[in-house]
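This report refers to the structure that appears directly beneath it.
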Number of protein chains: 2
Amino acid sequence: GAAPAVHAQTAVRWRLASSFPRSLDTIYGAADVFAKAVKDMSGGKFEISVHAAGELMPAFGVVDGVQNGTVEMTHTAPYYFFGKNEAFAIGGAIPFGMNSRQLTAWIIDGNGGKLMREFYAKYNIINFVGGNTGAQMGGWFRKEIKSPADIKGLKFRIGGFAGKVIERMGGVPQNIPGGEIYQALEKGTIDAAEWIGPYDDQKLGFNKVAPFYYYPGWWEGSLNLEFYINDKAFNALPSEYKAIVQAAAHEAHVVTQGRYDARNPGALKQLVGAKTKVLAFPPTVMDASFKTTMELYAQLNESNPDWKKIYADYRNFQRDQVLWFRFAESSFDNFMQRQKL
Amino acid sequence: GAAPAVHAQTAVRWRLASSFPRSLDTIYGAADVFAKAVKDMSGGKFEISVHAAGELMPAFGVVDGVQNGTVEMTHTAPYYFFGKNEAFAIGGAIPFGMNSRQLTAWIIDGNGGKLMREFYAKYNIINFVGGNTGAQMGGWFRKEIKSPADIKGLKFRIGGFAGKVIERMGGVPQNIPGGEIYQALEKGTIDAAEWIGPYDDQKLGFNKVAPFYYYPGWWEGSLNLEFYINDKAFNALPSEYKAIVQAAAHEAHVVTQGRYDARNPGALKQLVGAKTKVLAFPPTVMDASFKTTMELYAQLNESNPDWKKIYADYRNFQRDQVLWFRFAESSFDNFMQRQKL
């Protein structure tokens with residue numbers, strides 16, 4: 001039996017700057033799940049206030065904020081910071097990268113956790129997983145994409161690092177925070193925009209301003225979100241609170257992927273009901289994108305030693321994962337998709 | 001900044017009876033991950049000793065043990081207890097059920113969590129997720145399976161509930177704990193045995209006594225493991241410890257799926273290197289199994305009100321999941337499987 005707990009921990013108060021708009025209970029909500037778990041586990045002694053993008057700092061300013069100690073932590077998408085170093089992207093999503101289970105496995109039980117943490121240390125960051133979106137949709141287009149030629153000149157809002165591939169294919173990538181995409185698409189400042197998937201995209205209203213909804217988002221076979229914590233702030237925590245932060249991050253990881261998976265199907269039905277045209281990228285576009293991506297990776301292996309070191313391990317892990325998933329996992333999924341349920 | 005923590009919680013000591021053998025750092029290891037997280041988060045005040053199958057009670061006696069309060073908790077596979085009520089299986093794995101992401105989503109963000117917890121309350125159980133194996137392999141066979149006729153008379157060790165389908169197909173299912181399968185297969189007491197996947201199966205040595213390794217394990221498109229806690233023991237915890245238990249379970253959930261995914265590919269390579277013949281179940285076997293399964297479910301809907309209530313929700317959720325996974329998720333996975341990485 002348990003006796004009532006008596007608490008004598010000194011209070012800890014942290015601020016978390018999210019890169020996402022409060023309207024999205026999925027991707028923004030991951031930080032709420034995290035903060036609530038930390039508070040509950042500590043009996044209210046360790047409290048983290050969650051701030052939407054723009055409240056304390058811009059969506060893309062959060063790594064600077066954590067590095068400088070302006071805030072103790074952020075919840076963000078690693079690839080936003082590819083301009084600092086392309087290796088950031090590997091911790092989030094790279095084109096034709098790993099799916100959600102594979103990427104989490106690389107981080108949790110492969111070398112990914114260690115390699116990325118070594119890399120993040122250069123930015124005074126200690127990281128924890130913070131949810132995954134699963135494979136994303138390819139986004140909203142005003143015009144159909146029938147061949148790679150249709151990418152040329154396309155002003156396309158695309159998340160972070162993947163813009164480097166679009167650029168090589170002749171497109172004009174735009175890195176715009178989630179909360180500002182709708183206006184840009186409505187005004188015609190951009191021709192197309194991808195965000196995540198049916199549930200978030202419907203909330204942000206993209207279907208009202210572009211009719212064609214493409215899949216798959218080959219640049220985000222999954223997107224791993226991260227909690228980045230200032231290393232001094234983390235290291236100052238008592239060991240119990242460090243363990244609490246880690247477990248709360250895992251809870252947010254499970255809950256966020258669960259929310260995306262549970263909520264996307266209903267939203268897709270509603271979008272189709274509201275005349276959205278759901279289309280697959282043509283094989284010529286997929287193949288050209290893959291080829292361009294592999295050329296980019298070959299160049300990054302030459303130019304960026306951080307990329308080279310981390311990506312070598314990622315790619316080996318991915319090769320084995322993709323081979324293994326062909327057996328039990330995909331043969332089961334594909335069989336089920338042929339049945340009438 | 002944080003001041004050092006001072007702990008005044010009274011100690012809590014629990015015992016966890018696992019249904020699994022200690023040799024499996026994946027499925028048995030989930031309980032170790034859980035217990036370590038609880039201990040670390042509570043500063044050593046809340047300690048749970050983990051006991052392998054057979055140490056305190058038999059592998060399949062753990063629900064009785066928790067219900068009676070002989071132990072405070074177990075880590076087990078829900079379908080072992082289908083003999084008490086077939087609805088147990090829905091919380092773990094049912095033939096042609098949901099994959100890992102889908103099942104977790106149903107539990108975390110669909111109605112699955114609420115429905116299963118209502119059901120488990122009849123057994124004095126409060127449950128938490130405790131890992132998933134992913135889609136399993138179909139197991140080890142002494143002879144090739146070329147048609148449904150080859151199932152007839154087959155003495156097949158198969159986990160829990162799925163035996164009901166094998167039985168209807170003319171096979172002779174055997175419900176044997178993991179730690180006792182090898183001997184039965186070696187002695188020829190059984191003709192075939194399925195356990196989980198390459199990593200665990202290799203550790204248990206099945207490849208030494210049966211040459212044909214089939215996929216997919218259509219009865220375990222994923223297996224959700226659970227922590228079952230005696231309700232009185234759980235309700236006696238201070239609220240902080242309740243939150244700690246929940247987060248630790250989520251951590252074990254992520255880590256266990258990650259371990260399976262990360263460790264299976266290497267084991268499969270080694271098994272193939274050691275002359276294991278990896279074969280797909282023929283389409284006639286898959287189709288006959290699916291048909292038999294759907295007939296079983298129709299009958300259970302008539303005979304078992306718990307099954308009917310929970311399965312109706314599960315099936316609706318599954319139908320939407322399978323539809324949605326065809327778009328971004330599977331089209332991405334299938335594309336990647338066609339590439340040379």
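Residue numbers start from 1 in every chain, and the chains themselves are labelled A, B, ... in the order their sequence lines are given, proteins ahead of strands. Keep in mind the model is a prediction, meaning the values are calculated, not measured.
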Portion of [X] that has a non-hydrogen atom of chain A nearer than 4.5 angstrom:
X	result
Lys39(B)	neither
Phe96(B)	both
Leu268(B)	side chain
Val245(B)	neither
Phe317(B)	side chain
Tyr214(B)	neither
Arg315(B)	side chain
Asn316(B)	neither

Report the option among [options] that has the most heavy-atom pairs separated by less than 4.5 Å from atoms of chain B.
options	result
Met294(A), Met137(A), Gln339(A), Met98(A)	Gln339(A)
Leu323(A), Asn334(A), Thr104(A)	Asn334(A)
Lys340(A), Gln246(A), Lys269(A)	Gln246(A)
Ala105(A), Gly266(A), Pro265(A)	Pro265(A)
Gln318(A), Gln102(A), Arg259(A), His253(A)	Arg259(A)

Counting only non-hydrogen atoms closer than 4.5 Å, does Phe46(A) touch chain B with its backbone (N, CA, C, O), its side chain (CB onward), both, or neither? neither
Is chain B contacted by the side chain of Glu329(A), its backbone, both, or neither, given a heavy-atom distance below 4.5 Å? both
Positions in residues 216-223 of chain A that reach chain B, provided some heavy atom is under 4.5 Å away: Pro216(A), Trp218(A), Gly221(A)
So which atom in [X] and which in [Y] form the shortest heavy-atom distance, rounded to 0.1 Å?
X	Y	answer
Arg263(B)	Asp109(A)	NE-OD2, 2.7 Å
Ala135(B)	Trp324(A)	O-CZ2, 4.4 Å
Arg101(A)	Arg101(B)	CG-CG, 4.3 Å
Glu251(A)	Ala247(B)	OE1-CA, 3.1 Å
Val255(B)	Ile108(A)	CA-CG2, 3.8 Å

Who among [options] has the most heavy-atom pairs with chain A under 4.5 Å?
options	answer
Val129(B), Leu341(B), Asp320(B), Asn99(B)	Leu341(B)
Gly138(B), Pro198(B), Ser239(B), Ala248(B)	Pro198(B)
Ala280(B), Gly258(B), Ala37(B), Ala328(B)	Ala328(B)
Val322(B), Ile244(B), Asp261(B)	Asp261(B)
Lys232(B), Met286(B), Gln136(B)	Met286(B)

Between Gln337(B) and Ser330(A), is any side-chain donor less than 3.5 angstrom from a side-chain acceptor?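 Looking only at side-chain atoms, Ser330(A) and Gln337(B) do form a donor-acceptor pair, the distance falling under 3.5 Å.
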Flag the pair Lys242(A) and Asp40(B) as a salt bridge only when some basic side-chain nitrogen lies within less than 4.0 angstrom of an acidic carboxylate oxygen. no
Arg326(B) bridged to Asp333(A) by N-O distance under 4.0 Å: no
Using side chain to side chain contact (heavy atoms under 4.5 Å, CB included), reason through Phe332(B) and Tyr215(A) one step at a time and then give a plain yes or no. CA-CA 8 Å; Phe332(B) 180 77; Tyr215(A) 69 92; over 6 Å; no
Contact check, side chains of Phe325(A) and Asn264(B), non-hydrogen atoms, under 4.5 Å: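 When only atoms from C-beta onward are counted, Asn264(B) and Phe325(A) do not touch, as no gap falls below 4.5 Å.
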